[in-house]
Protein chains: 2
Amino acid sequence: MTTPEGQRGVAAEAGGRRRPPTAQQFVLEELRRAITTGRLRPGDPIRQEALAEELDVSRVPLREALKTLQGEGLVTYQAHRGYFVERLSLGDLREVYLIRELLEAEAVRRAAGRIGDEALRAAERAQAEVEEAAAAGDVLAMAEANRRFHMTILEASGLPRMVRMIRTLWDSTDAYRSVYYGEPANRERVIEEHRAALDLLRRRDAEGAVRVLAAHRAHAVTAIEAVLPGAPQA
Amino acid sequence: MTTPEGQRGVAAEAGGRRRPPTAQQFVLEELRRAITTGRLRPGDPIRQEALAEELDVSRVPLREALKTLQGEGLVTYQAHRGYFVERLSLGDLREVYLIRELLEAEAVRRAAGRIGDEALRAAERAQAEVEEAAAAGDVLAMAEANRRFHMTILEASGLPRMVRMIRTLWDSTDAYRSVYYGEPANRERVIEEHRAALDLLRRRDAEGAVRVLAAHRAHAVTAIEAVLPGAPQA
DNA sequence: GCATCGGATATTGGATCCAATATTGATTAT
DNA sequence: ATAATCAATATTGGATCCAATATCCGATGC
């Protein structure tokens, strides 16, 4: 970060976002984006020097950001060989969804009994954004709003550590999720299911909400499985 | 790591262990040990320069190790303020055990149906070490053997990611677990419960094993809760 | 006396340089 | 031709130095 503005590359589409206060956070965001958008694809080795130069930072904050991503399961690491974008096998994907099932069921169950009006309204707002993005066909915006929708609900569980773990699991499959939203039929279904879940939450029907959201996940995982074998092509 | 042998401090009791191939891994091990043994106590700030000097490494590998520990929840981090040993509230502790309950129940259930003879024998060996350490009153050795016992069983689940998460959760409460083993009555109970679990696993009684191990955890958490308020005193 | 401001100090964040290890490719013996 | 060896190169690991930020503490005004 010797110069205020770097050149354009991985960091190119950094539209109107303002830069985080530390290089490390900046790099973290850019790396996440690069992975979730497919700019860096599963299995790709991460060359530190090239990437550091592209982002216009030194290798030090880059390496720390990579350690964070390693902890989140987005990249793997081999001593003296470097970091690689995690390549999820079909088994890995199923395992991630199984874990999410176990954790989210409990979180949603608790959230249903505790969620307040503000949180419900926040979820409704997120849902409105989901529908908006879906109508516009903006897959990325939809994924982001969708994430907000679910996280808002989960946070009502009062289990912050659990939510953090779920969020991490969620992120680890980001690279594979966009394919799901690409399909218009799936976008429709997501909207329907969200509406049903909101309805059940408003009525404090915990088990109903758990059931609907479990089905919601199941749909996603089967759809992703269908296209998985091999990395998601660019 | 300019000199082969550093001075004595956090790294002092590095008995007969051989040094890992990279400074970062070495630091990671030492930090974990320092936290679990109480050499670094919950809430303590981690001064990088002092610690780096004590371990005879530069701050670079230390910072990367701290990032790893941050991901595992053993330390917290605030930009420009540094790292602190995580201080678990009572609520946090309960949450960790709740998550473990959800994940381990499923893992044990699967493990019971899949565990092979070698894994069973490995668990039995670990259990023998647990009993040995308990008899000798060696709390640290007991904690380590105990960990091997449980991990051996969990690994039979065929869910490596889940096991990794459980291991991380396990580690995050290390600082508080030693108090449990300190009590001879608890040591006795642990041994009994392990034997019962092994027996049920041999008979492929999944639900029985799940039940016994759930009770096993419940005992531990209530015992730890009793002494928790405030950090575990040195 | 108390709060506020400002500078000195401590501590973390980042850049650069050097060392250690792995990878690659040419060379040679079989 | 093929496999093994070894040097050249690429890449990561680590140390040191400098910059940026926060913290601490005394001075100053009310």
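Throughout, a chain's letter reflects where its sequence line sits, starting with A, and its residues are numbered from 1.
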Select from A:Arg47 and A:Pro21 the residue whose nearest nucleotide in DNA chain D is closer to the 5' end of that strand.
->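 Looking at DNA chain D, the more 5' nearest nucleotide goes with A:Arg47.
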
Among residues 69-83 of chain A, which contact DNA chain D at a heavy-atom distance under 4.0 Å?
->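 Contacts with DNA chain D under 4.0 Å: A:Tyr77, A:Ala79, A:His80, A:Arg81, A:Gly82.
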
Is a salt bridge present between [X] and [Y], judged by a nitrogen-to-oxygen distance below 4.0 Å?
| X | Y | answer |
| --- | --- | --- |
| B:Arg39 | B:Glu54 | yes |
| B:Arg217 | B:Glu101 | yes |
| B:Arg167 | B:Glu155 | yes |
| A:Glu129 | A:Arg125 | no |

When the distance from [atom1] of [X] to [atom2] of [N] is rounded to whole Å, what number comes out?
| X | N | atom1 | atom2 | answer |
| --- | --- | --- | --- | --- |
| A:Gln25 | C:dG13 | CD | P | 9 Å |
| A:Phe26 | C:dA15 | CZ | P | 11 Å |
| B:Glu53 | D:dT16 | CD | P | 11 Å |
| A:Asp56 | C:dG14 | CG | P | 13 Å |
| A:Arg63 | C:dA15 | CZ | C1' | 12 Å |
| A:Gln48 | C:dA22 | CD | P | 15 Å |
| A:Lys67 | D:dT12 | NZ | P | 12 Å |

Which part of the nucleic acid, if any, lies within contact of [X], taking any heavy atom under 4.0 Å across all strands shown: a base, the sugar-phosphate backbone alone, or nothing?
| X | result |
| --- | --- |
| A:Leu66 | nothing |
| B:Leu62 | nothing |
| B:Glu64 | nothing |

Axial cation check for B:Tyr97 ring with B:Arg94, 6.0 Å and 45° limits |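 Not satisfied by the 6.0 Å and 45° rule.
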
Could you tell me how the ring of A:His216 sits relative to the ring of A:His150: parallel (under 30°), tilted (30 to 60°) or perpendicular (over 60°)?
->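 The rings of A:His216 and A:His150 lie parallel, inter-plane angle below 30°.
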
Hey, does the side chain of B:Arg59 come within less than 4.0 Å of C:dG14's phosphate (OP1/OP2), counting only N and O?
->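 No.
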
Can you find a side chain N or O atom of B:Ser58 that sits less than 4.0 Å from OP1 or OP2 on D:dG14?
->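 No.
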
From CG (B:Leu40) to CZ (B:Arg33), nearest 0.5 Å |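 CZ of B:Arg33 is found 12.5 Å from CG of B:Leu40.
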
